[in-house]
Amino acid sequence: MKRTITTTLCLTALLALAPTAFMTPAQAADGLSLRMAVWTGNAKHLALLNGIADAYKAKHPEIGTITFDTIPYDNYTTTLTTQIAGGNAPDLAWILESAAPDFVGSGALLALDDTLSSTAGYDFADLSPSATALWRQDGKLFAYPFSTSPYAIFANLDIIAAAGQKSPADLIAAGSWNWQTVATEAAAVHAKSGKNGVEIRDFDYKDWTLLTTVWDGWAARPWSADGKTCTLDSSDMADAMAFLHKAIFKDGAIPGPGTSGDFFAGDTAFSITQISRASLLKDGAFKWDLVPLPAGPKGSYSVIGQAGIGVFKNGKHPQDAAAFLAFLSSPENSLKLAQFFPPPRLSQLNAETLGKTNPLLSKSQLEEVVVKGITTGKVSPSHTNNAQIAQQIRASLDAAWTPDADLPAVLSGACAKIGPLLAH
Amino acid sequence: MAQDHPLPSISPDVRRSWWTPARRDHFIGYLFILPQITGLVVFVLVPLALMAWYSLNEWNVLAGTFSFVGLGNYEKLATDPALPGVLWASACFSVGLVLFNLSLALLLAVLLNQKLAGTVVFRTIFFSPVVVSLVAWAIVWRFLLQQDGGINAVLRMLSIDGPNWLRGPNTAMVSVIVVQVVKNVGLNMVLFLAALQNVPQELYEAARVDGASRWTQFFRITVPLISPTVLLTSIITVAGSLQVFAQIAVLTEGGPGTSTTVLVYYLYQQAFQFHFFGYGASLAMLLLLIVGALTYLQWSLRKAWVYDND
Amino acid sequence: MASVSIASVNKSFGSHPVIKDVSVEIADGEFVILVGPSGCGKSTLLRIIAGLETINSGTLAIGDRRVNDVEPKDRDIAMVFQNYALYPHMTVAANMAFSLVQRGVAKAEVERHVHEAAAILEIEPLLSRYPKQLSGGQRQRVAMGRAIVRNPKVFLFDEPLSNLDAKLRVQMRGEIKALHHRLATTMIYVTHDQIEAMTMADRIVVLRDGKVEQIGSPLDLYDHPVNLFVAGFLGSNGMAFFRGNYRDGQFVSSDGLKLPFATRGDLEGRDVVCGVRPDDFILTDDGVDATVDVLEPTGSETQMLARWGSQKFTSLFRGRLTAPPGSSVRLGIAPGRAHVFDAESGLRLDGQPPCHA
Amino acid sequence: MIKSRSRLALALYALMAVLCIPFLFPTWWMITSSFKPVSEIFAFPPTLLPRQFVTDAYGRVFELQPFARQYFNSLYIAVAVTTGTLAFSSLAGYAFARIRFPGANLLFMLVLTGLLIPSEVTIVPLFQMFLDVGAVNTHWPLILVPMLGAPSALQTFIMRQFFSGLPHELEDAARIDGLGRFAIYHRIALPLAKPALAAVGIFTFLYSWNLYLEPIVFLSSPDKFTLPQALTQFVDAYGGPMWNIQLAAASLTAIPVLVVFVIAQKQFIEGLAYTGLKG
């Protein structure tokens, strides 16, 4: 009997003590610790970031540890929000461009202007205004726009040649590098070889924000510049969507929903994506070129993707975090990061500088695509309450992705859904 | 024979104290359940109470504001134009899943219960998806269900032009149900198989003598005798069907449109994606109510259709 | 070895009383059988003695020690269960040794006890087997062996033979009786089988609805059942009962037939039930005509189902009879073998007037 | 008669063989595709066996992430959860089945409540609670919650059902033999509950092994990740999946469990069948 009680008591005690026993504190090292949320699990990325962090720690003995916490990309914003909800906001975090208005507008982030401009050698004015636009509110900068990456077209020259089509370079030289010709070529490729024509990479008929890379050629945006009115039912949008719909379901120029293929595996003629994907091209499996997005009916344009690094006010050490951010984004480190994440600094946005860190790309490719793209590009549309609006649009647009869709009805239906949310 | 074994000496007249054997037994009972109950209180009851409290508040996570709104979230719940569709999708999903799961499980169990050589191999195959990681399973099926995926490739061999399974509202729902059923039907199959093997063989012999057909035997003998198992598995399957999340997240993200947005997924969207924690909490309360009500219903209706040995 | 004293014991499960003010004194070395229909509380009473159930009031003593609040293991009893309750995951030897090992008895001594008990029961070849490898009878022996090993002051048996087939039951009955002789230990035995009770017990306790109906030696109970219940319960072929009343000292059945029961002047006008055991019927010309329904010869005996008026009964005769169904025979009752009970209270009316306590 | 019977058997075999396809093919495809080059993964029609057999995806699984470490994490967490659950749910299940104590029904209702709670419902408050004790980004939430929280309710329920079916007399015999409650539980009930314990152990192990939402919420450093979480991490810098590597990693998580299952499938399935769920 005694043994019964003793054993049970032991088990219970173990249980009660367990929480204290396992709390091997992370801040065991001397000095304070900083935590930055990122979505990359890429070992090279992390090695680079850790290298910069080590250099910073060497100079700043008050910093004990700097950790980079990888949160899966799929649930990135969600998980970040859960951490914040739980009162465990990281000190710094990468923020997706789509979530920018929510984060900037919420007041959760620390204004960075004072720290950055007062850091010696930082050259705050060097940051490109077009790159920082998304991250400003009331004249203050709430996140540092790192990884400002333009969208461009990768072309598989082998496939195009095999289908007897002109190369993009020829088309550009001939002045006919526009969506109409691209669509025609792509359709021809698909018809002749069965390979895919143009892929809008990562657009799985869900993340419609990637369609901006096409829509902008028609000057079509889902909502007005002030974000208050839905413009999905505008005539520009109708034209852009009609183009896409025809290219997908009639011409076969764009792979339809649920068709898989991979440009980098050699299945596709053209791929719209960010230039950093160049790292996936290896071993000369096929001949390729990188060219700017083709012109649309409303002229030429470019689109950039972005992420920002923000400092959370509610983090444990906001000021120290901001100081670290200043170091991380200093001209010197910005250059190091440029091999993966194109910098927002005007002084570094030239083919020469970028060429050093992007050996795969030629000088003219960098000039035409990257430098021009970043300086003139617009970011994808975003909005406060982005997730809910994006979800409503996605659900509405689902009806558009069938061969016999009634596009005008779909688009006006989408506006009926998000109109109230935008006006809110 | 042997001498007496020494016994602990007890005074002949033990007075009846408060600490009776019965009380001591109670105490041991409490000790035994203490870890589990403590866990349930700490990890279930307290969080539930917190969720109930959140549902009475408006909570903006990013801005860090938290304010009491009384029944505001419940008013929103009552007037949410999306909710009827979500509940309908949940109902379709659960009904489809439970019917398909239980009937397939029963079919497989009956097949395996025939005394055929090699059924162990089939049993192993039917059960194997249960042990495959859910995320991997869903990822693979997403591939197979594509327009040019494996399913349609097979159909094309039979000269059938398959639909784009995950893009049509009805086919998406059917696909999600089928994927989920194939993954988990092995569990119910095994439980049914065990129940079938417990049905006394003489009953079938008696029924054959009485001239009952195989169908009559199945519906008049087998089904009633395994009905307690059917009840328990259906309770667990119904409760489980209302909690399905990862599969929907990987396969359809609630689409196309909102056709596969079931309640749990909607809750997840509202709370974690749109940051409406308060509203999400009220949806959680609704979910709890539905699960509880359904379970109670099944349990109280059991007398009507479950054969009871006792 | 010890006496067992049960004094005014009450037990209820919740608000439902199952043992109602039961008192039984069991002498040292006695073999007592608790008998009664199912649900009468006999098993509960046995479990109370074992300490497996607590009591609400009353006193229970084993030897001269009050054991109301003593744990089963400290009561120095051993119990044999209906389904044997052998530990399925232990060998026969381990099962038998378990309680001794539990008490910390030295290993060598444990082995000696186990072998002694195994020898008594002739189960030595089974010692290394597992219970599921044994037949019902073998399990029964092991269960007894497990009890013997403890060398307890009191043996408790809870319907130990009811899972065995008829032949084995008869054999085991004899062995248990022999065991009692050999060990001379107090044994308390529960059964619903009146033959077991009759053949084995020194004394029988008849229980009904949680109350003691009668305590006595088997023949005492057979010959002098205190009421209709005990009369009907004991005896292998069931007592034949006839309803009626006494008119002019003569028993008249409810059909108006004068039946051949002894004259009882003291019961004039009373509604009574008269009972006769089947083998107390006699064929006599002085008897009353009975209609034969069925004749069942077993060779050495003949059982006859017959009717007096509308009241059916069974009778039993040595030897052989011939009487076609529908014919009539004259039947009488062996002198002094009839039992008379009060129709209302069911109590025995034994010559002396019933006491109205 | 014999002919029609063998024809029936043949029909049954054919039916089962067809039914097998959806159960077998996905796993087959996952494993074979992990040995295909990316271009062949997307090939149409799909190939049943790799035309070109490549294994470099498997090497890269370990290069890109501390995959061995993550494997170990998943394994030891699952073992810890399983061990703990076996101990606590069998204790509680035994008490609910066998010990009559006041309030047992009410407390058992609490267990049933746990049975019905989807984990999404309580994840935010749980996150806050673990944060308060400093256990975020440790494995403790992933061990303690499944072991003692809502997921363990089913296990307690199964154990209770099983113990309810054990003959009472065994315990009576054990009490007379001098065992206390704990000894009866430990030395009589537990050894007899092996099938139920096996079922509960399998359930629990698989549950922990497949846990997805919780690790995502609670863990943030790659060397603490568990396998399902790590699976979604084989993506390039923009979240595009690296299919062949993802499939290789998925195969690595599935194959050992499948192998163990195939070897021990008899115990596996019979253990499940033995549970109190029989009704």
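Note that the structure is a prediction, hence the values are computed from the model and not measured. Labels below follow one simple rule: chain letters A, B, ... track the order of the sequence lines, proteins then strands, and each chain is numbered from 1.
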Option in C:Pro72, C:Ala50, C:Gly51 with maximal non-hydrogen atom pairs under 4.5 Å from chain D: C:Pro72
Donor-acceptor under 3.5 Å (C:Asp76 side chain, C:Pro152 main chain): no
C:Phe81 and C:Tyr84 aromatic centres sub-6.0 Å: no
Within the 6.0 Å centroid threshold, strictly below: D:Tyr76 and D:Phe72: yes
Interface moiety of D:Ile176 toward chain C, non-hydrogen atoms closer than 4.5 Å: both
Heavy-atom proximity to chain D below 4.5 Å, by part of C:Leu156: neither
Audit row: C:Glu71, C:Arg75, salt bridge (Lys or Arg N to Asp or Glu O under 4.0 Å) steps and yes/no: CA-CA 7 Å; C:Glu71 284 284 319; C:Arg75 291 189 181 195; over 6 Å; no
